[in-house]
Amino acid sequence: MPVETDPRDLAARYVALWTEPDQGLRRKAIEQLWAADGAHILQPPAEIREAAAGLGFENATLEARGHDALELRVARSYQEFVAGGEYTFRPAGDAVRLRDVVTFGWEMAPAAGGEAVGGGLEVLVLDGDGRIRSDYMFPGA
């Protein structure tokens with residue numbers, strides 16, 4: 001029987017990870033959230049998909065699998081979007097769970113507050129321990 005995980009709590013912990021400045025705490029959160037072989041699968045922005053199609057790739061997706069790769073992915077996102085102090089991420093407050101799937105929206109907003117400047121949809125597939133087995137990210141959705 002799968003572990004009961006509150007979807008709003010999971011969404012809050014997931015989004016908080018992407019804004020965590022401490023590398024050690026980020027790693028700990030990754031290990032708590034994801035299964036050891038868990039994957040983060042990203043639908044890349046349109047310009048990357050178009051460039052891939054021009055090279056003959058029908059389906060361009062980006063994937064980080066395992067705690068080490070996930071740590072690198074989260075650290076890179078933190079450096080690009082959050083570390084400078086201009087933006088932060090926040091859950092959209094719409095997390096729901098159906099069996100082993102959790103979906104929620106997230107927003108990228110000015111760190112000083114205000115309206116979102118971006119966001120997306122997250123679809124998480126959980127394992128029997130309530131950890132993320134597959135994490136499908138759809139920026140701009």
Side-chain angles (χ1 to χ4, degrees), residues 1-55 57-141:
M1 175 146 223
V3 171
E4 284 301 314
T5 302
D6 180 284
R8 291 165 301 218
D9 175 64
L10 179 60
R13 290 186 297 128
Y14 179 95
V15 172
L17 162 68
W18 297 84
T19 64
E20 174 56 58
D22 183 275
Q23 180 180 354
L25 293 177
R26 278 198 307 259
R27 177 63 185 223
K28 183 177 180 181
I30 287 167
E31 292 173 354
Q32 291 173 343
L33 285 167
W34 271 275
D37 64 343
H40 172 75
I41 302 134
L42 172 71
Q43 177 188 26
E47 59 271 11
I48 293 175
R49 293 193 312 268
E50 290 166 7
L55 295 171
F57 292 96
E58 291 182 23
N59 187 5
T61 57
L62 306 175
E63 181 174 333
R65 181 174 295 279
H67 291 162
D68 290 344
L70 290 163
E71 183 177 7
L72 182 62
R73 165 72 178 116
V74 173
R76 178 65 184 103
S77 178
Y78 176 82
Q79 288 302 318
E80 182 170 343
F81 300 110
V82 179
E86 188 174 356
Y87 298 108
T88 190
F89 295 110
R90 62 189 184 203
D94 57 352
V96 295
R97 179 176 181 171
L98 180 61
R99 294 191 180 177
D100 62 345
V101 176
V102 174
T103 65
F104 60 91
W106 52 270
E107 299 174 334
M108 184 173 81
E115 296 207 20
V117 297
L121 171 69
E122 215 66 34
V123 179
L124 308 178
V125 180
L126 307 180
D127 68 10
D129 293 324
R131 289 198 168 111
I132 301 166
R133 182 178 46 197
S134 299
D135 164 13
Y136 299 95
M137 179 181 275
F138 300 89

[atom1]-[atom2] distance between [X] and [Y], expressed to the nearest 0.5 angstrom:
| X | Y | atom1 | atom2 | result |
| --- | --- | --- | --- | --- |
| Asp100 | Leu126 | CG | CG | 6.5 Å |
| Phe57 | Glu50 | CZ | CD | 16.0 Å |
| Ser134 | Asp127 | OG | CG | 10.0 Å |

Contact summary for [X] and [Y], nearest pair of heavy atoms:
| X | Y | result |
| --- | --- | --- |
| Pro7 | Ala95 | O-CB, 3.4 Å |
| Ala29 | Leu17 | CB-CD1, 3.8 Å |
| Pro44 | Thr61 | CD-CA, 3.9 Å |
| Val74 | Ile30 | CG2-CD1, 4.2 Å |
| Pro139 | Met137 | CD-O, 3.4 Å |
| Ala109 | Gly114 | CB-O, 4.1 Å |

Pair Trp106 and Phe89, ring centroids less than 6.0 Å apart
yes
May I ask you to check whether Tyr14 and Trp34 place their ring centers less than 6.0 Å from one another?
yes
Under the ring-ring contact (aromatic ring centres under 6.0 Å, His included) definition, can you give me all pairs with a residue in residues 119-141, not counting sequence neighbours?
none
What pairs with Glu31 under salt bridge (Lys or Arg N to Asp or Glu O under 4.0 Å), at least two apart in sequence or on another chain?
Arg27
Do other residues, nucleotides or ligands put more than 12 heavy atoms under 6.0 Å from [X] [atom1]?
| X | atom1 | value |
| --- | --- | --- |
| Glu47 | CD | yes |
| Gln23 | CD | no |
| Arg8 | CZ | no |

Sequence neighbours left out, cut at 3.5 Å: what donor-acceptor pairs do the side chains of residues 35-43 make with other protein atoms?
{"residue": "His40", "atom": "ND1", "partner": "Asp135", "partner atom": "OD2", "Å": "2.7"}
{"residue": "His40", "atom": "NE2", "partner": "Arg73", "partner atom": "NE", "Å": "3.2"}

Any side-chain heavy atom of [X] within less than 4.5 Å of one from [Y]?
| X | Y | result |
| --- | --- | --- |
| Phe81 | Thr88 | no |
| Val96 | Val102 | no |
| Leu33 | Leu70 | no |

Before accepting this row, confirm whether a basic side-chain N of the pair Arg26/Asp22 lies closer than 4.0 Å to the acidic partner's carboxylate O.
no
Is the shortest side-chain N to carboxylate O distance from Asp6 to Arg97 below 4.0 Å?
no
Got a donor-acceptor contact below 3.5 angstrom from the Arg131 side chain to the Gln32 backbone?
yes
